[in-house]
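Since the structure comes first, as structure tokens, the remarks are kept for the end.
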Amino acid sequence: MNLHEYQAKELLKKFNVPVQEGFACTTVHEAEEAYRQIKNQFGSNFAVVKAQIHAGGRGKGAIKENGINGVKVGKNLEDIQDFAKKILGGTLVTLQTGPAGKLVKKILVAQDMYYDGPSPRKEFYLSILLDRTKGQNVIMYSTEGGMNIEEVAHNTPEKIFKEWVHPGGGLLGFQARRIAFNLGLSGEAFKNCVKFVTNLYNAYVGLDCSMLEINPLFKAADDKIVAVDCKMNLDDNALMRHTDLNSLRDLSEEDPTEVEAGQFNLNFVKLDGNVGCMVNGAGLAMATMDMIKLSGGEPANFLDVGGTANAQTVEAGFKIILKDPNVKAILINIFGGIVRCDRVAQGVIDAYQNMGNISVPIIVRLQGTNAVEAKKLIDESGLKVQSAILLSEAADLVKKAVA
Amino acid sequence: MSILVNKNSKILVQGFTGTEGTFHASQMIEYGTNVVGGITPGKGGSTHLDRPVFNTVSDGVKATGANVSIVFVPPAFAADAVMEAADAGIALVVCITEGIPVQDMVKVKNYLVGKETRLIGPNCPGIITADEAKVGIMPGFVFIKGRIGIVSKSGTLTYEAADQVAKAGLGISTAIGIGGDPIIGTTTKDAVELFMNDPETDAIVMIGEIGGGMEAEAANWIKATGNKKPVVGFIAGQTAPPGRRMGHAGAIVGGADDTAAAKMKIMTECGIHVVSSPADIGKKMAEILKK
């Protein structure tokens with residue numbers, strides 16, 4: 001599950017991780033109030049308005065309607081009003097959103113961290129994620145903050161440091177110190193950084209994050225270490241032990257069809273092709289998509305119906321796939337193991353009859369337990385459904401359907 | 001003998017009396033698997049499916065001499081169940097459970113370091129040695145006895161491959177579904193190595209998917225050890241868009257190295273017979289063995 005910056009920062013504060021303070025606002029009026037509070041609290045006229053969407057590159061991205069950037073620094077109330085007006089309700093297009101962009105429904109009005117002081121300001125990068133190969137969490141960090149970390153990794157790999165954390169002992173004191181030293185810090189900033197990293201790691205584990213990225217990790221002119229931005233992903237498998245976090249899910253940021261599929265326990269990912277598919281098992285589903293492509297089509301979706309392919313799930317699958325007007329054919333590929341193919345076939349027939357006339361050709365490939373009986377059921381149903389037993393036969397039928 | 005499990009394996013079922021445990025344990029017994037008992041904390045001393053129920057894995061091991069366990073425990077408690085089995089000295093733990101939190105698996109992985117226990121899974125269909133032992137949830141009839149080993153991240157794709165191998169006139173020694181999660185016990189390379197050393201396996205089907213570096217690791221190992229047995233490879237997810245999770249928690253394209261294309265290239269360079277269509281796995285294997 002992805003979180004917004006403002007949500008992630010609230011969670012980090014519970015773990016005593018210092019963040020750039022701010023208020024999430026949905027109206028210009030709220031933004032004005034937020035600005036007044038920030039001005040009172042921090043004694044500065046400057047404040048930052050940041051669009052809250054689930055995509056990076058907001059500062060460089062622009063609102064389609066008026067060209068304003070998704071992150072703006074204002075120096076007075078008028079600026080903040082102006083930015084809030086232009087960003088709220090606008091469509092923000094960034095490198096990560098694609099050309100359609102994303103509607104901005106919330107902004108974060110936050111304190112300005114780039115004030116003057118006795119020591120130089122610095123921007124670092126730090127993220128915590130899983131190293132799959134080692135089976136351990138790894139802290140990845142760099143002195144080159146505030147920019148695209150993939151570019152840094154590519155152009156100057158020597159500037160990326162990694163610290164693996166042993167799950168038995170957790171992040172150890174010397175490791176946190178090594179991170180602060182490698183970032184070139186000393187004095188108060190060093191101490192603050194050690195605390196920051198230690199608490200951040202606790203937050204990563206405590207919240208069951210699958211990814212936590214702070215970019216920039218900021219050293220202010222008064223040696224404070226703060227998270228100016230935060231990208232946080234939570235492990236969906238672990239949400240069962242964080243029921244309070246479920247409410248942070250922003251369904252409007254997700255594809256509505258995928259949300260609907262989730263309600264039927266269907267695992268669905270929307271793609272751009274012309275052949276829909278419905279498959280049991282994630283690996284076979286991906287393999288089926290590949291086969292569609294090799295047969296001259298393009299997969300319109302990924303859809304794993306799981307272990308129970310019955311009339312209800314098949315009907316829900318049909319409805320979801322057919323919402324896409326580009327779909328020219330649907331391939332159902334079920335390998336019946338524990339699930340019997342004749343039952344699945346009956347499910348397909350029932351779903352088809354419940355829905356009335358389906359305008360695109362349906363290809364059903366059933367293999368495994370009772371495959372022959374299933375093919376007979378389909379062939380004798382009188383419906384416009386083509387059947388296959390071998391995967392290669394199904395591929396040939398797809399070829400004909402898209403030709 | 002094949003690999004890891006055979007007719008002499010003594011199997012305990014963890015989560016024995018639950019719905020999933022009961023159903024699949026019955027199927028395993030029907031297949032002829034030597035299920036010697038099961039674990040459900042609090043129900044020790046009772047009998048289920050004509051077999052004894054124990055409170056702890058170590059009780060079960062003491063009473064039966066079991067050396068294999070299969071885990072059907074719900075996700076919140078599954079990691080604990082795996083570690084309990086390891087603590088009791090079980091040599092092979094097969095974890096079927098889907099949806100275990102990643103941080104729990106980080107703990108498990110660390111716990112198993114230095115122990116004799118091998119873990120298969122989690123989030124996998126299990127392991128089957130044809131006509132001897134089915135320690136998993138796969139449909140047994142698909143796995144016709146023969147001399148081809150299968151290793152795969154996916155359940156139904158494993159059945160698909162086994163079916164094609166059988167239709168090509170060949171058969172299966174052992175098939176292992178290693179699971180689709182980001183952290184798993186037995187890797188593709190581990191399984192391939194076991195097959196390479198198994199006198200009852202002549203050739204290997206290796207099925208991978210997008211995400212992670214396990215297929216590349218296995219491919220490099222195969223080449224480095226002199227391509228002792230022919231390997232047919234397939235990678236699912238050639239059409240998967242980057243950054244999206246495709247069902248399996250581990251199936252997500254992160255960088256340039258874990259795309260299907262990159263993996264297929266490495267595998268081909270290492271002398272693996274890579275097929276681009278999943279429909280060609282059996283056919284390819286038959287072609288190679290005829291030569």
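Below, read A as the first sequence line, B as the second, and so on, with proteins coming before strands; counting in each chain starts at 1.
- More than 12 heavy atoms of other residues, nucleotides or ligands lie within 6.0 Å of NZ in B/Lys115, so this atom counts as buried by the packing criterion.
- Annotation: maximal heavy-atom pairing with chain A below 4.5 Å, among B/Glu98, B/Lys283, B/Lys167, B/Met105, occurs at B/Lys167.
- Annotation: residues 274-286 of chain A contacts chain B through A/Asn280, A/Gly281, A/Ala282, A/Gly283, A/Leu284, A/Met286 [non-hydrogen atoms, separation under 4.5 Å].
- Of all heavy-atom pairs between B/Ala76 and A/Met240, the closest is CA-CE, 3.5 Å.
- For the atom pair CG of A/Asn237 and CG of B/Asp181, the computed distance is 6.5 Å after rounding to the nearest 0.5 Å.
- Interface residue A/Thr369: backbone and side-chain heavy atoms are both found under 4.5 Å from chain B.
- B/Phe23 touches chain A through its side chain: at least one heavy atom from C-beta onward sits under 4.5 Å away, while N, CA, C and O do not.
- For the set B/His24, B/Glu160, B/Lys109, the entry with the most heavy-atom pairs within less than 4.5 Å of chain A is B/Glu160.
- The part of B/Ile235 that comes within reach of chain A is its backbone (N, CA, C, O), which places non-hydrogen atoms under 4.5 angstrom from that chain.
- Only the side chain of A/Glu258 comes within contact range of chain B, with heavy atoms under 4.5 Å apart.
- Neither the backbone nor the side chain of B/Ile207 comes within less than 4.5 Å of any heavy atom of chain A.
- Of the atoms belonging to A/Asp236, it is side-chain heavy atoms, and not backbone ones, that fall under 4.5 Å from chain B.
- Judged purely by distance below 3.5 Å, without hydrogens or angles, the side chains of B/Asp163 and A/Gln367 pair a donor atom with an acceptor atom.
- Using a 4.5 Å cut-off between heavy atoms, B/Gln164 contacts chain A through its side chain alone, with no backbone atom that close.
- For B/Val106, the parts sitting under 4.5 Å from any heavy atom of chain A are the backbone and the side chain alike.
- Considering all non-hydrogen atoms of both residues, B/Ser276 and A/Leu294 come closest at O-CD1, 3.2 Å.
- Using a 4.5 Å cut-off between heavy atoms, A/Leu303 makes no contact with chain B at all.
- Taking both residues in full, the closest heavy atoms of B/Thr156 and A/Phe335 are given as CG2-O, 4.1 Å, listed atom of the first, atom of the second, then distance.
- Top candidate by heavy-atom pairs under 4.5 Å with chain B, chosen from A/Gly368, A/Gly273, A/Ser210, is A/Gly368.
- Other residues, nucleotides and ligands contribute at most 12 non-hydrogen atoms within 6.0 Å of the CZ atom of A/Phe264.
- Other residues, nucleotides and ligands contribute over 12 non-hydrogen atoms within 6.0 Å of the CG atom of A/Asp255.
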- Is there a salt bridge (charged side-chain N to carboxylate O under 4.0 Å, His left out) between B/Asp258 and A/Arg132 once you walk through the steps? CA-CA 12 Å; B/Asp258 62 356; A/Arg132 292 168 59 145; 5.7 Å; no

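- Of the two parts of B/Glu217, neither the backbone nor the side chain holds a non-hydrogen atom closer than 4.5 Å to a non-hydrogen atom of chain A.
- Without hydrogens or angle criteria, A/Asp235 side chain to B/Pro101 main chain gives no donor-acceptor distance under 3.5 Å.
- Within the 4.5 Å cutoff, side-chain heavy atoms of B/Ile183 are placed close to those of A/Leu130.
- If you check the side chains of A/Asn137 and B/Gln103, you find a donor sitting under 3.5 Å from an acceptor.
- Taking both residues in full, the closest heavy atoms of B/Asn110 and A/Pro167 are given as CB-CG, 3.3 Å, listed atom of the first, atom of the second, then distance.
- Looking at A/Met289, both its backbone and its side chain come within 4.5 Å of chain B, counting heavy atoms on both sides.
- Both the backbone and the side chain of A/Ala287 come within contact range of chain B, with heavy atoms under 4.5 Å apart.
- Most heavy-atom pairs under 4.5 Å with chain B, from the set A/Glu393, A/His166, A/Lys293: that is A/His166.
- In this structure, chain A has heavy atoms under 4.5 Å from both the backbone and the side chain of B/Tyr159.
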